[in-house]
2 protein chains.
Amino acid sequence: MDEQTYTTRAPAQPNQSLQYGTECLLQLVSAGRPIGSREMARELKREHTHVNRLLGTLAYLGLAERTSDRKYIVGPGIHVLSAMSLRGSHLLTSALPRIRTLIEKTGMIVALGVLWRRQVCYLYHGGPEKSMEAAIVGSDLYPAERSSIGMIMLAQRTKEYVKSLYQEQEKDMGGEINVNALLQQLLEVRTQGYGLNDNTSLAVAIGSPPMAALAVATDMITKEEIPLLVKQLHETADGILVDMKNLQK
Amino acid sequence: MDEQTYTTRAPAQPNQSLQYGTECLLQLVSAGRPIGSREMARELKREHTHVNRLLGTLAYLGLAERTSDRKYIVGPGIHVLSAMSLRGSHLLTSALPRIRTLIEKTGMIVALGVLWRRQVCYLYHGGPEKSMEAAIVGSDLYPAERSSIGMIMLAQRTKEYVKSLYQEQEKDMGGEINVNALLQQLLEVRTQGYGLNDNTSLAVAIGSPPMAALAVATDMITKEEIPLLVKQLHETADGILVDMKNLQK
DNA sequence: GAATAATAGTGCTAATATAGCATCAAATGT
DNA sequence: ACATTTGATGCTATATTAGCACTATTATTC
């Protein structure tokens, strides 16, 4: 399995345990339910003992917890990790005021998400009738190729990366994806500069390369609406970036 | 340096690289500014090359980023980690509606925090006049021994753990702490079941052992106010726990 | 500006941490 | 009840990694 890496230049001596350990951690978090070590090993296509050992260490660190029926769930340390990483990220705190403004301007649902493997993970997902506290952290991971957020983020990835990502686990991840069709779509998305999904949601990237993406969603986005919405999305995304920079001083 | 571990029973073969790698990551996140590998090695009391290698790996994974002046800051992967861990944690999403209610009831500042080493990291910190989006993720880490949240959380830790935590890095962490006096205070906190700091803030634990703690703060909390506030805090904390459990189905 | 000190990063290699096979007890499936 | 799968571990070969020594770069000192 090809692990997600960000720089094409590996350090002199990459630490494999750290790499595979964080992989296990994110897989555990994504499971959202108790998961056994062999099941996870099958999902990650890794030797069982290896995964069992890493899960054991995560439990030792408090990031995982063993259940009475010998499975693993996230542990108390996840709260520390989420608090610290949220504080280090600055993304949600920078985005929230601007999301509020965007919701008021458009009257639409607004979503802020990040891409993890082939899934979009929402930091925010809600519209005008939803309170902010209820909109923070959408519930389920969502398939990237069916999401405007996912598509705009995948579009900034290399063809090789996308191929690799989608040619593995095709059966496991809920249906087979025609990779060539996907790549064609991604080219279109890249050209347009926004992702459009089913004429119901429209996304632009935050940052370049994108660290996240911002979308509006409603029942039907008409062709005529797109340019203004894209402009508004870009302004909001750019504002988020500026605020993040300011928070980092 | 004694790494924070949650279970007294180590697994058969704990993975040291994962342990030290996550340590580096949290230290990087807590720095909040660019930090060099030697500086971090000094902070962590670890051999320099080791830390440099781990930071290099974190950069490879996108969790860190190398700056042009050869230092490290958090990288784009931190947004993925924060989104995923926040989603896996359920703490903030469960707490927000109840925090809103508590603010309305008390008219005070409410804070939700977790303990990382000797620091409190706030997931929420704000009062009635502050918008929710501005109150999410308080800015700075705060010394635990000067915080009601820190104290109530430390009070549930073993004497050995607290001793170990405070006897190292005394000079580095901004002043020497009288550990015996601290232990005496923690005993008092444990006995009372709440942490009180300077008569300005009052905290109770969320969960047992506590995963987080919840506090109210105002200019002056009188002795007479304490019982009702403690009751309200406990009700809120218990409600958060219930909501978290429900979100995990 | 030159000299000195500190830094990040790397090569190398000894050694130690770890991967994986085999095994066992416990849990699940038939 | 038996068969299968599971999580966890011991053991040990070996791959990964820790750390020494070094280099190029940057920062500090005079």
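Below, chain A is the first sequence line, B the second, and so on; all start at residue 1. Only heavy atoms go into these numbers, but all of them, side chains included; no hydrogens, no water, no symmetry mates. This one's a predicted model, so the numbers in the text were calculated from it and none came from an experiment.
Distances from the side chain of B:Asn15 to the nucleotides D:dA8, C:dG11, C:dA19 place C:dA19 closest.
Neither OP1 nor OP2 of C:dA8 sits under 4.0 Å from any side-chain N or O of B:Asn52. Side-chain N/O atoms of B:Tyr72 include none lying less than 4.0 angstrom from OP1 or OP2 on C:dT7. In this structure, B:Arg70 does not reach the D:dA24 phosphate: none of its side-chain N or O atoms is under 4.0 Å from OP1 or OP2. Distances shorter than 4.0 Å separate none of the side-chain N or O atoms of A:Tyr20 from OP1 or OP2 on D:dT16. Between A:Ser17 and the phosphate of D:dT17, there is a side-chain N or O to OP1/OP2 separation shorter than 4.0 Å. Taking 4.0 angstrom as the limit, A:Arg66 places none of its side-chain polar atoms (N or O) nearer than this to OP1 or OP2 of D:dT6. For D:dT17, neither phosphate oxygen OP1 nor OP2 lies less than 4.0 angstrom from any side-chain nitrogen or oxygen of B:Arg46.
The shortest side-chain heavy-atom distance between B:Thr158 and B:Lys163 does not fall under the 4.5 Å cut-off. No side-chain heavy atom of B:Ile35 sits under 4.5 Å from any side-chain heavy atom of B:Leu55.
Here the P atom of nucleotide C:dC21 and the NE2 atom of A:His50 are 13 Å apart, to the nearest Å. Computed from coordinates, the A:Arg38 CZ to D:dT4 P distance equals 15 Å when rounded to whole Å. Per the geometry, CG belonging to A:Leu54 stands 13 Å off C1' belonging to C:dG20, to the nearest Å. The distance between atom CG of A:Leu55 and atom P of D:dT6, rounded to the nearest whole Å, is 14 Å.
Heavy-atom nearest nucleotides on DNA chain D were determined for A:Asp69 and for A:Arg53, and the one closer to the 5' end corresponds to A:Asp69. Nearer the 5' end of DNA chain C, as judged by each residue's closest nucleotide, is the contact made by B:Thr49, out of A:Glu47 and B:Thr49. Both B:Gln13 and B:His48 lie near DNA chain D, and the one whose nearest nucleotide falls closer to the 5' end is B:Gln13.
A:Ser37 comes within 4.0 angstrom of sugar-phosphate atoms only, judged by non-hydrogen atoms across all strands, and of no base. Within the nucleic acid shown, B:Gln16 comes within 4.0 Å of sugar-phosphate atoms alone, with no base atom in reach, counting heavy atoms only.
Cation-pi check for A:Arg46 over A:Tyr20 is met; the charged atom lies under 6.0 angstrom from the ring centroid and within 45 degrees of its normal.
B:Glu39 has a carboxylate O that lies under 4.0 Å from a charged side-chain N of B:Arg33, or vice versa, which qualifies the two as a salt bridge.
Note that NE2 of A:His79 is 11.0 Å distant from CG of B:Leu86, once rounded to the nearest 0.5 Å.
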